[in-house]
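What you see is a predicted model; the values in this text were computed from it and never measured.
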Amino acid sequence: MAHTCPSDNTVAVDQTSFWSSGNLNWDEHRIGWAIAGGCAMLTVVISMISVLGHCRNYTKPNEQRQILRILYMPPVYAVISFFSYRYFRSYTYYSLIETAYEAVTLSAFLLLLIEFVADTAVGRDATKAIERKGKRRLPIPFCCWNYRPTKPYFMYTVKWSVLQYVIFRPAVSIAGIVCQVYNVLCESGPYSIYFANVYLEAIDFASISVALYGLLLFYGLTKEELVGRRPMAKFLSIKLIVMFTFYQSFVFSALEGRVIKATEYWTAANIADGLNALAICIEMVFFSVLMMWAYTVNEYKVAENKKTSIWRPLWDSVNYWDFVTEIGGSFKFFFTRARGASSTHSSKKMDFAQAFRVGGRSVTDGDKSLTEESIRLAPYPYSDPHNANSASPELS
């Protein structure tokens, strides 16, 4: 017996537009369309104020390139949600693209925490951040096991636990888009072993669980060094977006066929998806304000410095070579360890700078030569001591 997935869309298509007989045709769908578009525009404006503030005060590139990537999250979600509302028949494609950016923000947040720890370690010396860490228990639910932070493999494992999500989440989205094209995804239908959605959801759940556990573990290990940097506020501004979008989608899906009924032009799934997209557009206005506060530019303003050009910071934020460098470095370490290299099994303490390849310098350290354009900003592998924390781009 062949298993088929029910269609998300009706056969009938609404042919009317905003303008009908010279007058505005305001029904519920078009009112929602206007609200979603207005909120998406407002989110973009608020986020761009934050982004431009960091671009014009780009004094710590290794930190601020990650902040810029995080600040893009509300406008990315708002704009894509608006299009998924407007073109509701293609909602699944937009939804899969939207959730892929979550992986970028979580990975950027880890790299930001790494830079914070390097910058705030005792005496501004990153090598002291891990040396004094002793044996301790893993967080729940693995609290029966102990770990030693100074082991070489441990710090690479923590980094990889988060960065793997930037590989798996986009891969899941791409696989989902392909499955949707061939009508074997069945995202809005019931979970079934005969369709791809249940398997892709399982992979995504496992991947993000590992990533969040890695972030929790890293925070617990370095929370003394993160005092004063509001790490929880920064993390919650990201995680609340994920939680809101996930749980409200679950609620709207649960209401399909019960409270939410199909109409001539929209199935119950269309309406539930549209309500979810509309809610996301509205929520992103508030989350963009929250991120403006959590990732304030005031921490990076230096009175005696000239304003920096916006173009290099923007390029840095979309140049993901640092992700490739970090992932490649972890692969290389584990490959070398699998071959039995003694350095990867050594009991000798490994410092923070060695494992995470940071140097902790900034323009505020007094090295004014760092403000010259001759310093290459991107890509700047952390393993290069000359680029460990290169500073401001071209001065305007």
Side-chain angles (χ1 to χ4, degrees), residues 8-10 14 18 26-48 50 70-106 169 173 176 180 185 187-189 197 201 204-205 208 212 233 235-263 265-294:
D8 293 339
N9 302 308
T10 61
D14 186 4
F18 267 119
W26 289 100
D27 60 9
E28 292 86 349
H29 177 65
R30 289 170 176 79
I31 292 173
W33 186 358
I35 294 173
C39 289
M41 290 178 61
L42 183 56
T43 299
V44 170
V45 170
I46 295 172
S47 297
M48 288 312 298
S50 298
I70 295 169
L71 290 175
Y72 294 154
M73 190 178 189
V76 166
Y77 269 57
V79 171
I80 294 179
S81 292
F82 167 72
F83 281 106
S84 68
Y85 185 95
R86 170 64 182 86
Y87 303 104
F88 62 90
R89 288 176 173 269
S90 301
Y91 177 89
T92 298
Y93 299 110
Y94 289 108
S95 176
L96 289 168
I97 295 171
E98 179 181 273
T99 52
Y101 197 76
E102 177 190 350
V104 175
T105 56
L106 286 179
R169 179 60 254 187
S173 291
Q180 179 69 6
L185 181 64
E187 186 180 41
S188 61
N197 189 52
E201 290 280 359
D204 181 53
F205 178 79
I208 192 173
L212 292 175
F235 176 69
L236 286 177
S237 66
I238 299 171
K239 193 55 191 171
L240 286 177
I241 293 178
V242 179
M243 290 177 61
F244 269 69
T245 55
F246 174 80
Y247 285 111
Q248 71 194 19
S249 176
F250 175 80
V251 170
F252 288 133
S253 295
L255 296 178
E256 289 180 27
R258 299 176 177 86
V259 177
I260 300 175
K261 305 292 185 179
T263 66
Y265 298 116
W266 297 281
T267 63
N270 289 152
I271 297 174
D273 291 341
L275 289 172
N276 186 45
L278 177 60
I280 291 174
C281 289
I282 296 172
E283 291 159 1
M284 290 308 110
V285 175
F286 299 98
F287 281 116
S288 61
V289 174
L290 176 60
M291 282 196 173
M292 178 184 284
W293 169 77

| query | Does atom OH of Tyr101 have more than 12 heavy-atom neighbours from other groups under 6.0 Å away? | reply | yes

| query | Atom CG of Leu290 and atom CD1 of Ile46: how far apart are they, to the nearest 0.5 Å? | reply | 11.5 Å

| message | If you define the side chain from C-beta out and look only at heavy atoms, does anything of Ile260 sit under 4.5 Å from Leu275? | response | yes

| remark: d(Met291 CE, Ser288 OG) to nearest 0.5 Å is 9.0 Å

| request: Give, for atom OG1 of Thr99 and atom OH of Tyr94, the distance between the pair rounded to the nearest 0.5 Å. | output: 14.5 Å

| query | What heavy-atom pair brings Val44 and Pro75 nearest, and what distance separates the two atoms? | reply | CG2-CB, 4.0 Å

Under 3.5 Å, sequence neighbours excluded: what are the donor-acceptor pairs made by side chains of residues 242-250?
| from | atom 1 | to | atom 2 | distance (Å) |
| --- | --- | --- | --- | --- |
| Thr245 | OG1 | Ile241 | O | 2.9 |
| Thr245 | OG1 | Val242 | O | 2.9 |
| Gln248 | NE2 | Asn276 | OD1 | 3.1 |
| Gln248 | NE2 | Glu283 | OE1 | 3.4 |

| Listed partners of Phe235 passing ring pair (Phe, Tyr, Trp, His ring centres under 6.0 Å), at least two apart | Phe109

| task | Using the side-chain contact (heavy atoms from CB on, under 4.5 Å) rule, take Asp273 and Arg89 through it: C-alpha gap first, then chi angles, then the decisive distance, then the call. | result | CA-CA 10 Å; Asp273 291 341; Arg89 288 176 173 269; over 6 Å; no

| request: Walk me through it: do Leu212 and Lys239 pass the test side-chain contact (heavy atoms from CB on, under 4.5 Å)? | output: CA-CA 10 Å; Leu212 292 175; Lys239 193 55 191 171; 3.3 Å; yes

| Verdict with reasoning, Leu71 to Met48, per side-chain contact (heavy atoms from CB on, under 4.5 Å) | CA-CA 9 Å; Leu71 290 175; Met48 288 312 298; over 6 Å; no

| Heavy-atom closest pair, residues Trp266 and Asn270 | CA-OD1, 3.7 Å

| Heavy-atom pair of closest approach, residues Glu187 and Ser95 | OE2-OG, 4.4 Å

| Gap separating the CG atom of Asp204 from the CG atom of Asn197, nearest 0.5 angstrom | 10.0 Å

Identify each donor-acceptor pair in which a side-chain atom of residues 78-87 lies under 3.5 Å from a protein atom, sequence neighbours left out, and give them as a table.
| from | atom 1 | to | atom 2 | distance (Å) |
| --- | --- | --- | --- | --- |
| Ser81 | OG | Tyr77 | O | 2.7 |
| Ser81 | OG | Glu98 | OE1 | 2.6 |
| Ser84 | OG | Ile80 | O | 3.4 |
| Ser84 | OG | Ser81 | O | 2.7 |
| Tyr85 | OH | His29 | O | 2.9 |

| query | Could you give the distance from OG (Ser47) to CZ (Phe287), rounded to the nearest 0.5 Å? | reply | 12.0 Å

| query | Hey, what do you get for NZ (Lys261) to OG1 (Thr267), rounding to the nearest 0.5 Å? | reply | 13.5 Å

| Would you find more than 12 non-hydrogen atoms of other residues, nucleotides or ligands less than 6.0 Å from Met41 atom CE? | no

| Any donor-acceptor pair under 3.5 Å linking the side chain of Ser173 with the backbone of Ile97? | no

| task | Identify the two heavy atoms, one from Glu256 and one from Ala268, that lie closest to each other, and give their separation to 0.1 Å. | result | CG-O, 3.8 Å

